Undergrad: 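I'd like to ask some things about the structure below.
Only heavy atoms go into these numbers, but all of them, side chains included; no hydrogens, no water, no symmetry mates. What you are looking at is a predicted structure, and each value in this text was computed from that prediction instead of being measured. In the text below, chain A, chain B and the rest are named by the order of the sequence lines, each starting its count at 1.
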Amino acid sequence: MSAVATSETYTPSGVALPGMRQFGMIAGVLGVVLAIAGFFMSGEFGVDRFFQAYLVAYTFWMGVVLGCLALLMVQHLSGGVWGIVLRRPFEAAVRTMPIMTLLFLPIVFGMHSLYEWTHAAAANDPIIQAKTPYLNTTFFYIRQGIYFAVWNLIGLLLSKWSAEHDRTGDVALLDKMSRLSGAGLVIYGLTVTFAMVDWTMSVNPHWFSTIWGMLYVGGQGLSAFAFGICVLAMLAQTAPLNRVITNHHFHDLGKLLFAFLMLWAYLSFSQFLIIWSANIPEEIPHYLDRWENTWKFLSIFIVVGHFMVPYALLLSRDLKRSVTRLRVIATWLLIARLAEYFWHVAPELHKDGMTINLLDVALPLALGGIFISLFVSNLGGRSLLPVNDPDLDKALHHHVH
Amino acid sequence: MAHTVETTNALHGVMAEYDSGQALVDAAKKTMAQGFTRVEAYSPVPIEDLNTIIHKTRTVLPKLILAGGLTGMATGFALQYWASVIEYPMNIGGRPLASWTTFIVPSYELTILFSALTAAFGMIVLNGLPRPYHPVFNVERFSMASSDKFFLVIESEDPQFGAAAAFLRETGAKGVYDVAE
């Protein structure tokens, strides 16, 4: 079957995922319309609520993109069948980076709504004052410039070399990609740590957690696997991949999804346990603000809906081998991821209790619509499998016990 | 190959020898299609397909591991509760004696420990190990099972065992041997 495979063998004819493209467009249009409605319905708070919802939505979707970038680098280093079947979806997600970079701009304009440390009154706050060498707008802009430059560059090179490798089959390119990935993963870990301190942790400039960056690294990996499973489940339904992808592949991906869910839970619990045990006033407000009032319901949802239920379900071997059921869990986890980002940001800005606005639903839809439309158009035009990869044969005749 | 069926009761089964893994897989498929149920295969290398051909029933091991893990979790939690609430209560920074949040980590570790031990020992017990004696070694040719020959055995407990030897000869076997109990 694969002896005569060329890049045409696995190149989709026409749009790669017509259903997903349609979903992306509808979500995008609906999201924008609802966001406009939500903005005017929110009256005088419209601007603040818009930027708050935008930060959550952006952090979530950019988390999917960055997670795809990280997993793309991991699979260049580790190899493995899961990496072969997910490489092209990951690359397509990474190629949305230039537009996603532009979509960061609203956060720059919304800094006054989001970040207390940009206010003039912050000059009277000794704690924020002590942090000004890091938390000042100029340095914030410079840092964002560095993050996005680095992410775009790594994504661009990996995607370019991969396309070249499809054409030429030059093995030196594989070496180049894995070298870049080795350095890239270190850079990814550092930039994501700093970026998430900037984007979400500094929403409360008094509070700090040293595990925050890792928490997002784990969360982004989880998002990316959940997204990858959803995409692959759809790709496996039609030509050309329906001949290739079997439930053995989904079994592998289900295990990895499970592993990342545990990693995320481990990191979240580590942060909680350390703060709970130390019980010192600098740290505990983060959890008190999310437990002492109606935010408690969302906190319980995160523990039960984001961890316990998916964890118990993913224990099952049969579930991981069933494409339809695994896809439901993956979709559910994506929604839970969004809820967690909301839980990170919103309680800081609404300390008196839980409040959900139309914008909190509309903006994730709008940004998701844009991202998914870009993703689908990136996915078309290239072979859906890396045809010159030395491990391709193994990936096509894959069995797990 | 001279072959005499003595008393069926004294036999563990009949053994067929094949030259390749593919021949063994083909024979295993035919044997299962024929309705034999007590079938075992022996091969010098792992053959992935065989698992789904001759072992139709899933192992009970995962459920045992789950039970083991839950037992470990309960043990870990109970141990800490007993130590810090009943037997040796101590006021640590004003926290409640039953601070279940701190109990989670050791409970989790014991969950993993008990699961892993159940998995390892469960595997050994369900495989029937340790087993110092196995009748298949009574066949001299069987020593080749760790070299380059492949074997299929129909055990004497099979309801259709009477037809087994004749059937195996039709499957392309290089030799068919009685396996003494």
Undergrad: Are the ring centres of Trp276(A) and Phe269(A) closer than 6.0 Å?
TA: no

Undergrad: Could you check, using the six-membered ring where one of them is a Trp, whether Trp264(A) and Phe260(A) have ring centers closer than 6.0 angstrom?
TA: no

Undergrad: Among residues at least two apart in sequence or on other chains, which ones pass salt bridge (charged side-chain N to carboxylate O under 4.0 Å, His left out) with Arg95(B)?
TA: none

Undergrad: Out of curiosity, Phe258(A) CZ to Leu326(A) CG, how far, rounded to the nearest 0.5 Å?
TA: 12.0 Å

Undergrad: With a strict 4.5 Å heavy-atom criterion, list every residue of residues 297-314 of chain A that contacts chain B, or say none.
TA: none

Undergrad: Please assess Ile275(A) against Trp207(A) for the test side-chain contact (heavy atoms from CB on, under 4.5 Å), listing each intermediate value before the final yes or no.
TA: CA-CA 11 Å; Ile275(A) 290 178; Trp207(A) 184 77; 3.8 Å; yes

Undergrad: Please report the interatomic distance CD(Gln271(A)) to OH(Tyr287(A)), rounded to the nearest 0.5 Å.
TA: 3.5 Å

